[in-house]
Amino acid sequence: MFDAEEMEILNALENNKLVRSINVDEEIALARQAAKEYLSKSKNITIRLSLGDVTTIKNKAQETGIPYQTIISSLVHQYATGRIRLEA
C-alpha cells in the first residue's frame, strides 16, 4: 500500500497537477557544462619512450612548429577516440 506522500504524488499525477521541482533545461545545461569541464581537464603522466623516438618526434615537431608534447598528446587522444588504431 502507498504511504501518505506516495498517495499525494499519485493523486497529483492522476489529476494532471504534478509540478516539476527542478528546471529540466537548466539541469541539462549544468550537466553539459560539468561534462565539458571534466573532459577538458588534463592529467600529467610519466611515460618512458625510446631516445630515438623522442628525438624523431622532437625533430618533426620542430619542422611543424608544434610542441612535441602536443603531438604526443594528440596521438594518444586519436588512439583513445578510435581515430587511429594499432596494427597487431
Side-chain angles (χ1 to χ4, degrees):
M1 206 68 206
F2 297 116
D3 65 22
E5 182 182 15
E6 293 169 333
M7 284 304 298
E8 186 180 336
I9 294 169
L10 182 59
N11 288 333
L13 178 64
E14 289 174 344
N15 294 313
N16 211 18
K17 294 183 179 179
L18 200 58
V19 178
R20 288 188 180 171
S21 61
I22 62 170
N23 180 330
V24 174
D25 293 333
E26 184 179 328
E27 288 296 316
I28 290 172
L30 288 171
R32 283 187 176 146
Q33 182 64 31
K36 182 178 178 182
E37 289 173 9
Y38 174 78
L39 293 173
S40 68
K41 290 183 179 181
S42 63
K43 170 85 172 125
N44 289 337
I45 65 167
T46 301
I47 184 171
R48 292 193 175 275
L49 302 172
S50 74
L51 182 58
D53 287 344
V54 173
T55 301
T56 301
I57 292 170
K58 282 184 174 183
N59 289 337
K60 290 185 177 197
Q62 193 171 27
E63 292 171 8
T64 61
I66 300 171
Y68 76 97
Q69 296 99 330
T70 303
I71 292 174
I72 293 169
S73 177
S74 176
L75 289 169
V76 170
H77 177 72
Q78 289 177 49
Y79 177 74
T81 58
R83 292 185 186 149
I84 59 174
R85 294 193 176 111
L86 296 178
E87 294 182 19

Can you name the nearest heavy-atom pair linking Leu86 to Tyr79, along with the distance?
CG-CE1, 3.7 Å
Checking Ile71 against Thr64 for the side chain to side chain contact (heavy atoms under 4.5 Å, CB included) test, could you report, in this order, the C-alpha distance in whole Å, the side-chain angles of both residues, the deciding distance, and whether it holds?
CA-CA 10 Å; Ile71 292 174; Thr64 61; 4.2 Å; yes
Got a second to check how far Thr56's OG1 is from Lys58's NZ, nearest 0.5 Å?
11.5 Å
Side chain Ser73, main chain Gln69, donor-acceptor under 3.5 Å
no
Spacing of Ile57 atom CD1 and Leu49 atom CG [to the nearest 0.5 Å]
6.0 Å
Going by the rule side chain to side chain donor-acceptor pair (under 3.5 Å), which residues pair with Gln78 if we only count those two or more places apart in sequence or in a different chain?
Ser74
Assess whether atom CD of Glu6 is packed by more than 12 heavy atoms of other residues, nucleotides or ligands within 6.0 Å.
yes
Look at the side-chain heavy atoms of Ile, Leu, Val, Met, Phe, Trp and Tyr, link any pair under 4.5 Å apart, and say whether Ile22 and Val19 land in one connected group.
no
As an exercise, state the distance from CZ of Arg83 to CG of Leu75, rounded to the nearest 0.5 Å.
12.0 Å
If two hydrophobic side chains count as joined below 4.5 Å and joins carry through other members, does Ile9 share a cluster with Met1?
no
Please give me the minimum heavy-atom distance between Pro67 and Ala61, naming the atom from each residue.
C-CB, 4.1 Å
Is Leu18 reachable from Leu10 through a run of hydrophobic residues whose side-chain heavy atoms are each under 4.5 Å from the next?
no
Quick check for you: to the nearest 0.5 Å, what is the distance between Asp53 atom CG and Tyr68 atom OH?
13.0 Å
How many angstroms lie between atom CD1 of Ile66 and atom CD1 of Ile72, to the nearest 0.5 angstrom?
12.5 Å
Of all pairs that satisfy side chain to side chain donor-acceptor pair (under 3.5 Å), the ones with a partner from residues 9-19, not counting sequence neighbours:
none
Report the residues that fulfil side-chain contact (heavy atoms from CB on, under 4.5 Å) with Tyr38, sequence neighbours left out, ordered by chain and then residue number.
none
Quick check on Glu8: does its CD atom have over 12 non-hydrogen neighbours (other residues, nucleotides or ligands) under 6.0 Å away?
no
